[in-house]
Amino acid sequence: MSVRRAFTVGEGTEQIETQLHTLFKDTPILRIDRDSTQRKSAMAKLTQKIHEHDQAILIGTQMLAKGHHFPNVTLVIIMDADAGLFSSDFRGMERTAQLITQVAGRAGRAKKPGHVLLQTYHPDHAAIECLCNLGYEHFAIDGLAERKSLSLPPFYHQVIIRAESANEQEAMQLLAAMRNDLEPYLSKDVYLVGSYAAIIVRKAGQHRALISLKASHRVPFASCCTINE
């Protein structure tokens with residue numbers, strides 16, 4: 001038995017399901033995502049179907065990667081594997097790597113050997129090569145060294161101030177004014193960056209912008225808060 005599974009971030013599970021139906025007309029295709037599991041007991045019914053079929057293709061989001069045991073899975077396909085490489089969140093690739101590791105762990109859980117395929121636009125990227133060839137531990141060590149060189153947590157403390165507004169310019173202007181008010185009180189040990197757009201630029205009709213402050217220890221932050229109080 002060979003169970004193939006596709007994980008996606010950007011393409012959408014429904015679109016992938018449509019494409020796979022044209023390629024594997026005689027193979028059951030089961031989609032597990034938020035939409036397909038909204039009804040009560042829907043997840044249990046899908047899981048039962050998975051165990052009933054000798055061959056099946058599973059398509060899922062992150063919820064398929066955690067807490068499920070499919071002993072007959074022999075092939076895992078991870079789509080958009082490098083989604084976090086160029087994220088404005090410094091933790092983006094770390095989260096992507098953790099998810100890749102979790103999803104890859106679904107293959108070969110029983111006695112049958114498992115295989116993992118990554119779909120990536122940057123196969124030669126150092127982070128992808130390190131994760132695939134050396135494993136997550138080496139990836140984490142390299143990631144920590146990079147964070148240290150860039151003065152990022154956990155080596156530096158960081159404070160994020162976020163502004164939200166229905167008007168994009170208003171959010172930016174508020175943070176610009178706040179930056180001007182803060183700067184005279186900041187010690188030379190505090191680095192201030194921004195304003196800049198949030199990772200999720202707009203949510204619930206609100207534009208979101210950020211400024212960030214970094215320091216090697218918490219004392220400068222405490223002093224700043226005391227002054228502004």
Side-chain angles (χ1 to χ4, degrees), residues 1-89 91-123 125 127-128 131-132 135-136 139 198-206 208:
M1 172 179 169
S2 176
V3 180
R4 302 176 180 86
R5 177 182 5 196
F7 165 77
T8 179
V9 174
E11 295 299 326
T13 50
E14 291 186 29
Q15 292 91 330
I16 293 175
E17 181 182 20
T18 300
Q19 293 297 321
L20 288 176
H21 272 301
T22 64
L23 298 172
F24 302 94
K25 297 179 180 179
D26 299 325
T27 304
I29 298 176
L30 306 174
R31 176 167 55 88
I32 299 179
D33 56 20
R34 185 175 298 178
D35 291 336
S36 66
T37 57
Q38 283 185 343
R39 294 183 179 181
K40 187 178 180 180
S41 72
M43 187 66 192
K45 291 179 180 179
L46 283 169
T47 302
Q48 182 178 353
K49 287 182 180 180
I50 292 169
H51 292 293
E52 287 175 352
H53 292 289
D54 292 333
Q55 290 189 350
I57 298 176
L58 314 184
I59 307 169
T61 54
Q62 297 182 20
M63 63 191 307
L64 190 57
K66 303 176 182 179
H68 300 290
H69 178 59
F70 303 122
N72 291 317
V73 170
T74 55
L75 175 62
V76 166
I77 302 173
I78 303 173
M79 301 188 66
D80 203 8
D82 49 6
L85 283 178
F86 305 105
S87 171
S88 56
D89 185 349
R91 298 164 296 183
M93 190 55 205
E94 175 191 356
R95 290 170 174 168
T96 300
Q98 290 173 346
L99 189 56
I100 289 174
T101 303
Q102 289 173 341
V103 176
R106 302 301 103 181
R109 293 173 67 87
K111 296 181 179 180
K112 299 178 181 179
H115 301 277
V116 179
L117 300 180
L118 300 184
Q119 181 267 315
T120 170
Y121 298 100
H122 307 278
H125 193 283
I128 294 292
L131 183 63
C132 293
Y136 186 82
F139 169 86
I199 297 173
I200 302 176
V201 179
R202 186 174 180 180
K203 186 176 182 180
Q206 297 289 305
R208 311 189 327 160

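Each residue takes its place number in the sequence, starting with 1.
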Inset, instruction - Applying side chain to side chain contact (heavy atoms under 4.5 Å, CB included), run through Ile78 and Thr120 and close with a yes or a no. - result: CA-CA 9 Å; Ile78 303 173; Thr120 170; over 6 Å; no
Legend entry - Thr96: side-chain hydrogen bond (donor to acceptor under 3.5 Å, both in side chains) partners, not counting sequence neighbours: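 Result, side-chain hydrogen bond (donor to acceptor under 3.5 Å, both in side chains) vs Thr96: none returned.
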Working to the nearest 0.5 angstrom, can you tell me the gap between [X] [atom1] and [Y] [atom2]?
{"X": "Leu117", "Y": "Ile77", "atom1": "CG", "atom2": "CD1", "result": "5.5 Å"}
{"X": "Ile29", "Y": "Leu23", "atom1": "CD1", "atom2": "CG", "result": "8.0 Å"}
{"X": "Gln98", "Y": "Leu131", "atom1": "CD", "atom2": "CG", "result": "10.5 Å"}

Looking only at heavy atoms, which two atoms of [X] and [Y] are closest? And how far apart?
{"X": "Ile128", "Y": "Pro123", "value": "CG2-O, 4.2 Å"}
{"X": "Ile59", "Y": "Glu17", "value": "CD1-CA, 3.4 Å"}
{"X": "Thr101", "Y": "Tyr136", "value": "OG1-CD1, 3.8 Å"}
{"X": "Asp82", "Y": "Tyr121", "value": "OD2-N, 3.0 Å"}
{"X": "Cys132", "Y": "Leu118", "value": "SG-CD1, 3.3 Å"}

Inset, instruction - Apply ring-ring contact (aromatic ring centres under 6.0 Å, His included) to His122 and list each qualifying residue two or more places apart in sequence or on a separate chain. - result: Phe86
Inset, instruction - Return the set of residues passing side chain to side chain contact (heavy atoms under 4.5 Å, CB included) with Ala127 (not counting sequence neighbours), or none when no residue passes. - result: Leu85, Met93, His125, Phe139
Inset, instruction - Just jot down the side chain to side chain contact (heavy atoms under 4.5 Å, CB included) partners of Thr18, sequence neighbours excluded, or say none. - result: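 With neighbours one apart ignored, the set is empty.
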Inset, instruction - For Arg208, enumerate each residue passing the salt bridge (Lys or Arg N to Asp or Glu O under 4.0 Å) test, keeping only those at least two apart in sequence or located in another chain. - result: Glu164
Legend entry - Arg202: partners by salt bridge (Lys or Arg N to Asp or Glu O under 4.0 Å), with sequence neighbours left out: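 If we apply the salt bridge (Lys or Arg N to Asp or Glu O under 4.0 Å) test to Arg202, skipping adjacent residues, there are no hits.
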